[in-house]
2 protein chains.
Amino acid sequence: MMSVPLYEAKAELFRLLGHPVRIRVLELLQDGPLPVRDLLSAIDVEPTGLSQHLAVLRRSGMVTAHRDGSTVVYALAGGDVADLLRAARKLLTQKLSGQSQLLSELLDTETSVR
Amino acid sequence: MMSVPLYEAKAELFRLLGHPVRIRVLELLQDGPLPVRDLLSAIDVEPTGLSQHLAVLRRSGMVTAHRDGSTVVYALAGGDVADLLRAARKLLTQKLSGQSQLLSELLDTETSVR
DNA sequence: CCGCCAATTGCGAAAGTTCGCAATTCGTGA
DNA sequence: TCACGAATTGCGAACTTTCGCAATTGGCGG
């Protein structure tokens, strides 16, 4: 049954999330399912590139796809991807505000530095 | 001031987390600061490899390092990395339990399939 | 049935990542 | 000062990922 250590799976998950187009897709799908066409017009990417990124997300079970007429509609597979994105946003905004704070301290001539 | 879109930053963050050794390091540091030596004995990696991964985490501001005598001690930089790891664990355990459920359904000869 | 549009897949070139070896830095004790 | 151990850095080879082009699939209207 050759099981994979949990930290390998976690790394894999993060690696799969580590592309701007895939992040964009997941963010857009947070507000509900969308056809490929709409994703395509919202994201700056070629159709073929989008398909490939969607395939990655599908294979890893983060999104589901179904045909509706001649279009294909994608949706988030589980509710918890959103948690992950939220945690990432939180960390980033905190980090960025920390940086700008540091920056303004560095630029602030009033700040006494010994 | 050439700012980076937030989704780029997010993708970058996930990409940086997408390596088993780096995940392992962050998990170990959740219980408090550790010297490189201890990380080295806990993780299956060469010293030089560990250094490189630590450098990645340092550059991206996820951990901090300081010398204490002849050893270097690493610590988590902000409390929110833990949130991210927790969200990942949650998603994975859910996903895995879903898989094993599906698997047993597939293997279960009693299950009627039309 | 045919042509068209939406989406996907196969494939090869380019770009990026990881790994270990050799060399370097830094601090400590002889 | 010298040798040593801890940790890091530079560098090149092996591997993985990404990208766009060309070809393919599947559904729909004429």
Side-chain angles (χ1 to χ4, degrees), chain A residues 4-5 7-26 28-29 33-77, chain B residues 4-5 7-29 32-77:
Chain A
V4 177
Y7 62 86
E8 293 269 4
K10 229 181 261 187
E12 168 86 355
L13 170 63
F14 286 126
R15 198 166 48 75
L16 293 172
L17 290 170
H19 191 288
V21 170
R22 298 196 287 263
I23 290 290
R24 245 7 230 104
V25 168
L26 294 174
L28 289 166
L29 294 182
L34 287 176
V36 173
R37 187 177 341 99
D38 290 6
L39 294 171
L40 206 43
S41 63
I43 307 175
D44 182 27
V45 66
E46 308 285 314
T48 182
L50 180 58
S51 269
Q52 284 166 138
H53 290 296
L54 289 172
V56 170
L57 294 174
R58 246 187 294 124
R59 265 181 254 127
S60 62
M62 278 183 269
V63 304
T64 59
H66 72 271
R67 281 203 101 96
D68 180 16
S70 76
T71 75
V72 177
V73 177
Y74 279 84
L76 287 193
Chain B
V4 177
Y7 61 85
E8 292 269 5
K10 229 181 260 186
E12 169 86 355
L13 170 63
F14 285 126
R15 198 165 49 74
L16 293 173
L17 290 170
H19 190 288
V21 170
R22 298 197 287 262
I23 290 292
R24 221 59 241 307
V25 167
L26 294 175
E27 287 183 339
L28 289 166
L29 294 183
L34 287 175
V36 173
R37 187 179 338 100
D38 290 6
L39 293 171
L40 207 42
S41 63
I43 307 175
D44 182 28
V45 66
E46 308 286 315
T48 182
L50 180 58
S51 269
Q52 285 168 136
H53 290 296
L54 289 172
V56 170
L57 294 174
R58 246 187 295 123
R59 267 181 254 128
S60 62
M62 278 182 269
V63 304
T64 58
H66 72 271
R67 281 203 103 96
D68 181 15
S70 74
T71 75
V72 176
V73 178
Y74 279 85
L76 287 193

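Naming: A, B, ... by sequence-line order, numbering from 1 per chain.
For DNA chain D, the neighbouring residues in residues 33-44 of chain B, judged by any heavy atom under 4.0 Å, are B:V36, B:R37.
Put simply, the side chain of B:R22 gets close to the backbone of B:L16: a donor and an acceptor are under 3.5 Å apart.
Residues A:V25 and A:Y74 are not in side-chain contact: their nearest non-hydrogen atoms beyond the backbone lie 4.5 Å or more apart. The shortest distance between side-chain heavy atoms of A:V63 and A:L26 falls below 4.5 Å.
Ring pair A:H19/A:H53 is tilted by interplanar angle, where 30° to 60° counts as tilted.
With rounding to whole Å, A:R67 atom CZ is found 13 Å from D:dT25 atom P. Here C:dC5 presents its P atom at 20 Å from CG of A:D68, a figure rounded to the nearest Å. Rounded to whole Å, atom C1' of D:dT9 lies 16 Å from atom CD of B:E46. B:L50 has its CG atom 14 Å from the P atom of D:dA6, to the nearest Å.
Under 4.0 angstrom from either OP1 or OP2 of C:dT8 there lies at least one side-chain N or O belonging to A:Y74. Look at A:S70 and you won't find any side-chain N or O under 4.0 angstrom from OP1 or OP2 of D:dG27.
Comparing C:dT8, C:dA7, D:dA7 by their nearest atom to the side chain of A:T71 picks out C:dA7.
Across A:L34 and A:L39, no two heavy atoms sit closer than the pair CD1-CD2, 4.0 Å. B:A42 and B:R24 make their closest contact through O-NH1, 3.5 Å (heavy atoms, listed as atom of the first residue, atom of the second, distance). The two residues B:A77 and B:T64 make their nearest non-hydrogen contact at CB-CG2, 4.0 Å. When all heavy atoms of B:G69 and B:R67 are compared, the pair lying nearest together is O-NE, 3.7 Å.
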- request: Would you give a per-nucleotide map of nucleotides 10-18 of chain C, 5' to 3', where B means the base has a protein non-hydrogen atom under 4.0 Å away, S means only the sugar-phosphate does, and - means neither?
  value: BB-----SS

